[in-house]
Novice: 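Below is the structure I would like to discuss, written out as structure tokens.
We count ligands from 1, going down the list as the structure has it; atoms in each ligand are counted the same way.
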Amino acid sequence: MDTERLRITLFGAVQGVGFRPFVYRLAASLNLPGWVRNSGAGLEIEVEGQAGELTRFLERLDAERPPAAVVLGREISRLAAAGFDQFRICSSTGEDPPTAAVLPDLATCPQCRGELFDPADRRNLYPFINCTRCGPRYSIILDIPYDRHNTTMRGFALCPECERQYADPLDRRFHAQPLACAACGPRLNTTVESAACALRDGLIVALKGIGGYQLLADARQPGAVEQLRRRKHREEKPFAVMMPSLAMVKEYCLVSAAEAALLQSPAAPIVLLRPAGRPGIAPNVAASSPLLGIMLPYSPLHHLLMEAFRYPVVATSGNRSDEPIAIETGEAHARLAGIADLFVDHDRPIARPCDDSVARVIGRRETVLRRARGYAPLPVRVPKPLRRVLAVGGHLKNSIAIAAGRHVILSQHVGDLDTPEARRAFEDAIAGLLRIYDFQPELVASDLHPDYASTLWAEESGLPAVRVQHHQAHLAACAAENDVEGEWLGVSWDGAGYGTDGTIWGGEFFMARHGVFERFAHLRPFRLPGGEAAFREGWRPAASLCRQAGIPRPVPNPLEQMLAKGINSPYTSSVGRLFDGVAALTGVARESRFEGQAAMLLERAIGGVTTTGAYPLEHGDWRELIRKVTADVEAGVELRLIAARFHNALANWIVEVAGQAAIHRVVLSGGVFQNAYLVERATSLLEAAGHMVFTHQRIPPNDGGIALGQAVIAGAL
Ligand code: ZN
Ligand code: ZN
Ligand code: FE
């Protein structure tokens, strides 16, 4: 068994309560080397040892912690061993600005849930029960310091009984800023029963949640789901489902221990799970996806509704497709009027939109795919101190970041910046982050793409602007969260990013040497007829790939002309577009209804097949691969074998390049690495060849992680 290093950051009331000596004694009793220190973020621990010992350390860290400590959040990263020889208590560095003040929204804790359903409790059935261990934080904070008068609770004066709890240091609700009860706190406009009733009747309910409105429908009724799709203009993109209990999740899905822990964590994200094949969920909930996105109730209001309804409910962001989530009551009624049949509102304002987060267990490890409620704005600790940078992210799945010292704070997922509403949300996110951290950036970092709305904003900001290449930003993000420094090989694969030569990149290898990136290898470029407009139309790259591989195929005449003359057909080295092309050639998907759909379907097509067979993809030249794929399709070879051989070809190519680079450490980033099969296959082959592999954990591999990489690269300049 290899030695691993855990980095654990504890957030909350963890300083001045005897936590550091406790950690020291615990590590000493288990004979694990490492260190502990207080920091601006809370308490940081690093400890290394074998996996089993580290698990015991984590269990006891939780179970035996000092009674006065309140742990509100915990982030764990698994890192390469650093070779510690003993355990030390380090002094605080003072180099970090205090970032502990703003914490994410946390799912209802077990005690509050108990009180919620306890008829003898003062807050029995009160939909806004919370305490210092749970409840809203980031979604209610307006300004610093984090006191009630700086939150959206400032309009609610505490009743005498709540006041007593707020002021009592021995009470679980001591200084709980969102503290409330039925006598003094926020109220619903309707009853939970009427909402449950509407769901039973197949109606669509708009519910004001923690970070914005959600649209709910009975997940068992195809008619209700269809209605929601039609009204929301969302044709195929899978919906997430909320289920009343973990027991029910286990009836519908295959749930590993890691997945169960993730579902029940304080962040309570949507977890992508494999369906167990049991009927009951309407097929149109996630027809085009191999996975089901499942979450458990995370607010008292959700607990009450799920208790009343008792069945799975589709829960999706309260918006029309491609617009930001609605947060204000009046605005929500205007925007959702044609979608929802019933509104469940309340009078606690939401300070900023924050969608439900999405996570997936890849290779037995949690990977956050959409970082929002429950995670944002926890800081990421980076290896080297950075300048004061505002990073504005990419264009799709946008998020922004601020960096100062050794902490980078990544905002919640903002979304695609295609609409004026989205661009306003983007500007609000920037203004909000600067305000609550009282942050004055000295420079702004953006993508190299000249036309991204985020790049244009950076250019007009009046601050010195640094443009960071898209795929280098992906890799810098993954390296930063995994504490990788020095020399390493980066594999940056996604759908598209602006290359330094002005073409569309997306199948890139970089040698990174102390922060300097050199393009080391890339996919053989091919023409993309239609350019960026063709991103979701796999039949276009399919036609282009066949033409360049010398395979005669009937192609619509205008397309033939475009390819022959190179009109509006820029070159791309994108692996994402290669996925689209192969998905089209195999008949898996001629086009994608949402980004990444074709690749998802191709991954699903593998099923459980195990083969080491692979198509040739030497030096990233796909011509022979395309010939073999088309021949296999014509010969009637099973789709799952074709799909597996294609994935294996990509994994083999990574190992080939890593061998050429003769470098130990390999970092994988970019949206393509949301593909669990590819990540697991590439990792096991690389490890067998003696490499060490680093993948994303807390930060999305997709463009949602770009801002962190921009901040790291620009902040080191
Ligand atoms: Zn609580
Ligand atoms: Zn009260
Ligand atoms: Fe990307």
Novice: Could you check whether atom CZ of Arg164 has more than 12 heavy atoms from other residues, nucleotides or ligands sitting under 6.0 Å from it?
Specialist: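 Enclosed: over 12 neighbouring heavy atoms sit under 6.0 Å from CZ of Arg164.
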Novice: Could you tell me which N, O or S atom of Asp494 is nearest to the Fe ion (ligand 3)?
Specialist: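 Of all N, O or S atoms in Asp494, the Fe ion (ligand 3) lies closest to OD2.
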Novice: Can you give the angle Cys131 SG - the Zn ion (ligand 1) - Cys109 SG, rounded to 10°?
Specialist: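 About 100°, to the nearest ten degrees.
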Novice: Restricting to N, O or S atoms of His474, which is nearest to the Fe ion (ligand 3)?
Specialist: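 Looking only at N, O and S atoms of His474, the one nearest the Fe ion (ligand 3) is named NE2.
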Novice: Quick one about His175 and Thr132 (side-chain donor to acceptor, distance below 3.5 Å, no hydrogens or angles considered), yes or no?
Specialist: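 The criterion, which ignores hydrogens and geometry beyond distance, is not satisfied for His175 and Thr132.
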Novice: Is there an N/O/S atom in His471 at a distance below 2.8 Å from the Fe ion (ligand 3)?
Specialist: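 His471 does not place any N, O or S atom closer than 2.8 Å to the Fe ion (ligand 3).
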Novice: Does Trp622 reach the main-chain N or O of Arg524 with its side chain, forming a donor-acceptor pair under 3.5 Å?
Specialist: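 Side chain of Trp622 to backbone of Arg524: a pair is present.
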Novice: Ignoring hydrogens and geometry beyond distance, is a side-chain donor-acceptor pair present between Asp418 and His395 at under 3.5 Å?
Specialist: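 A pair is found: one side chain offers a donor N or O, the other an acceptor, under 3.5 Å apart.
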Novice: Run Phe517 and Trp488 through ring-ring contact (aromatic ring centres under 6.0 Å, His included) and show every step you take.
Specialist: CA-CA 10 Å; Phe517 290 83; Trp488 44 274; 5.8 Å; yes
Novice: If you have a sec, read the angle at the Zn ion (ligand 2) from Cys162 atom SG over to Cys159 atom SG, to 10 degrees.
Specialist: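 Result: 100°, to 10°.
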Novice: In Asp703, the N, O or S atom nearest to the Fe ion (ligand 3) is which?
Specialist: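 That would be atom OD1.
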